[in-house]
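Because the structure is predicted, anything quoted here is derived from the model rather than measured. FYI, side chains are in, hydrogens and waters are out, and symmetry mates aren't considered; it's all heavy atoms of this structure. Proteins come first, then strands; the chains are lettered A, B, ... in the order of their sequence lines, and each starts at number 1.
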Amino acid sequence: MNLTVVMQQLVGGMGASLLIFVLTLLFSMPLGLAVAFGRMSKFKPLQAIIKFFIAILRGTPLMLQLLVVFFGPYYMFGLTLPRSYRFIAVIVGFAINYAAYFAEIYRSGIESIPKGQYEAAAVLGYNKQQTFFKIIFPQMVKRVLPPVTNEVITLVKDTSLAFVLTYEEMFTVAKQIAAAQTTIMPLFVAGVFYFIFNAVVAFAMERIEKKLSYYR
Amino acid sequence: MKKVLEINHCNKSFGDNEVLKDISLSVSEGQVVSIIGPSGSGKSTLLRCATLLETMDGGDLIYLGDYAAKADAEGKAVYGDKDTLQAVKKHFGLVFQNFNLFPHYSVMRNITEPPILIGKRNKDEVYAEARELLKKMGLADKEDAYPCELSGGQQQRVSIARALAMKPAILFFDEPTSALDPELTGEILKVIKDLAAEHMTMVIVTHEMSFARDVSDHIIFMDGGVIVEEGDPKELINNPKQDRTKAFLSRFQQ
């Protein structure tokens, strides 16, 4: 099997990886903000529950979490779900796991904004929502960009974990070809693809960081 | 004279620490009141209570006849509801020691967003006024600059402009020059003197004794959460009556 054929097949898988990547970010980034609010809530029971879930999500393997999301409904509740649930399980598993990480990153960003910013806004008559969305959130985004970039890059590589649910993303495809053809070459090609994917991500994030560097 | 601010029997504790003990203070329209005293005397806390950044435990807080807080039968301060407090906030502005400008906004947006967003005022009108204010502050060419591009003195002048853009009836200054070097301090003191000349009602917490003496109509010396002495600025600074005031001012008078 020659390189061009391998690459063609991997590009198909890469589309699936890209889809996991985009959908995970789309859901986990806003969800992370909601989780961060819960984590910082003055209502202690909510804070404790969120803290517990974050501990679980960060403290256990993502691979295990994907398996639980996929098989849980059957083994715990006896539900038989359609074939399409495989993809939903992948996205749900990824989104929840990444939301936990993003929540902690957002929290660190929000808590790093000086108290004076809240006070200035309060004296000028900004209400809570206005203070958060106009004053705090934009400054938080700038501060959390470097750690968020880290997570996003990790996510690119983590999409390969979808193979445990035999979802046909790039890594699954690469492994299948490698096994069928008894050659390691497809895995190397997949590695190069992940690397290029991440180079693009890093470049994009750097551009955003530059865009926000107009103030300190 | 119309009373802009009235604080009656204000008490405030942080845990067991009584920071303000039965403080009463009133400021008339056009009056400039300075509050001096050692660190930890409660003067900043008093200002923070007046600007609703802290809640008083007891006493009244009244702006132009509108109660922000009213003492109940036991003297406990009962605050008005959200709408009342929001309305009261329109009466005052505060200039912070650390400026607290919004770093992600240009100078212009720092000044114009509050009147447009909170004051619901006409955009063109607000922009025109903001340009006037910047001109007055000597910052006409800085409207597109960001706070990080300005010196401390310039940032403080922007923050004064931001407060003035809301057209407050009274302006509070919380040690407005403490973060500045002597040269920049002069810049800010001049701006405040100009405002005094225009009869802006102001309450200034400061460590600049000669400035307090020259700019204010009334001066208050606080220590240990109480008003130790108050009165005519020249009289108090030059001939303090109380021993505590004398001790505090002795360094200044040498």
Side-chain angles (χ1 to χ4, degrees), chain A residues 29-30 32-33 36-37 40-44 102 105-149 204-216, chain B residues 44 47-48 50-55 82-83 85-107 109-121 144-150 155 158-159 162-168 170-174 179:
Chain A
M29 288 189 140
L33 194 59
F37 280 135
M40 291 184 294
S41 168
K42 287 195 188 97
F43 183 59
K44 292 281 178 206
F102 283 134
I105 292 174
Y106 294 159
R107 183 171 70 92
S108 72
I110 292 169
E111 288 179 350
S112 76
I113 308 290
K115 222 176 79 196
Q117 293 289 304
Y118 290 92
E119 294 186 343
V123 170
L124 290 165
Y126 286 61
N127 64 28
K128 268 200 171 130
Q129 288 75 28
Q130 288 165 331
T131 304
F132 184 76
F133 288 108
K134 292 272 181 188
I135 309 300
I136 306 302
F137 183 76
Q139 296 186 58
M140 176 209 86
V141 168
K142 181 183 162 88
R143 288 177 187 221
V144 301
L145 222 45
V148 163
T149 302
M205 296 304 277
E206 206 176 308
R207 286 292 291 271
I208 299 172
E209 249 182 80
K210 267 222 176 89
K211 249 199 148 131
L212 289 176
S213 67
Y214 66 90
Y215 73 90
R216 264 185 319 230
Chain B
S44 278
L47 213 62
R48 292 173 60 82
T51 51
L52 302 173
L53 291 175
E54 298 284 353
T55 50
K82 235 179 172 176
D83 294 337
L85 295 182
Q86 186 67 19
V88 163
K89 274 184 185 171
K90 292 201 163 75
H91 296 319
F92 63 79
L94 171 62
V95 174
F96 295 86
Q97 182 178 339
N98 309 315
F99 333 129
N100 291 336
L101 290 172
F102 302 134
H104 57 308
Y105 285 175
S106 68
V107 164
R109 186 149 179 209
N110 262 287
I111 300 172
T112 53
E113 187 179 272
I116 295 168
L117 182 73
I118 313 300
K120 306 261 180 281
R121 294 191 41 216
D144 295 323
Y146 284 87
C148 63
E149 299 164 338
L150 304 178
Q155 288 191 47
V158 173
S159 92
R162 177 175 72 174
L164 288 172
M166 293 298 273
K167 302 189 175 189
I170 179 168
L171 192 51
F172 294 95
F173 291 86
D174 186 9

Practice item. Using a heavy-atom cutoff of under 4.5 Å, enumerate the residues of residues 121-131 of chain A that contact chain B, numbered in order, or state 'none'. Key: A121(A), A122(A), V123(A), L124(A), G125(A), Y126(A), Q130(A)
**Study point:** Residue part contacting chain A, namely of L94(B), when any heavy atom lies under 4.5 Å
**Key:** both
Exercise for review: Report the option among S159(B), P168(B), C148(B) that has the most heavy-atom pairs separated by less than 4.5 Å from atoms of chain A.
Suggested key: C148(B)
Practice item. Counting only heavy atoms closer than 4.5 Å, note whether F102(B) contacts chain A via side chain, backbone, both or neither. Key: both
Point to revise | Part of K142(A) within contact of chain B (heavy atom distance under 4.5 Å) | key: neither
Point to revise | Residues of residues 208-216 of chain A with any heavy atom under 4.5 Å of a heavy atom in chain B | key: Y214(A), Y215(A), R216(A)
Revision key, fill the gap. Here the pair of heavy atoms bringing I135(A) nearest to E113(B) is CD1-OE2, 4.4 Å
Review point. Just wondering, more than 12 heavy atoms not from Q86(B) lying within 6.0 Å of its CD?
Key: yes
Point to revise | Which atom of K134(A) lies closest to which atom of H104(B), heavy atoms considered | key: O-NE2, 2.8 Å
Check your understanding: For the candidates F172(B), F92(B), Y105(B), which exhibits the highest count of non-hydrogen atom pairs separated by less than 4.5 Å from chain A?
Key -> Y105(B)
Review point. Side chain, backbone, both or neither: which part of L101(B) has a non-hydrogen atom closer than 4.5 Å to chain A?
Key: backbone
Review point. Chain A heavy atoms under 4.5 Å from F99(B): which part of the residue, side chain, backbone, both or neither?
Key: neither
Practice item. Tell me the residues of residues 106-119 of chain A whose non-hydrogen atoms fall below 4.5 Å from those of chain B, in number order. Key: K115(A), G116(A), Q117(A), E119(A)
**Study point:** Contact leader toward chain A among Q97(B), R162(B), K82(B), where contacts are heavy-atom pairs under 4.5 Å
**Key:** R162(B)
Study note, to complete from the structure: Sorted by chain and number, sequence neighbours left out, ring pair (Phe, Tyr, Trp, His ring centres under 6.0 Å) with F133(A) holds for none
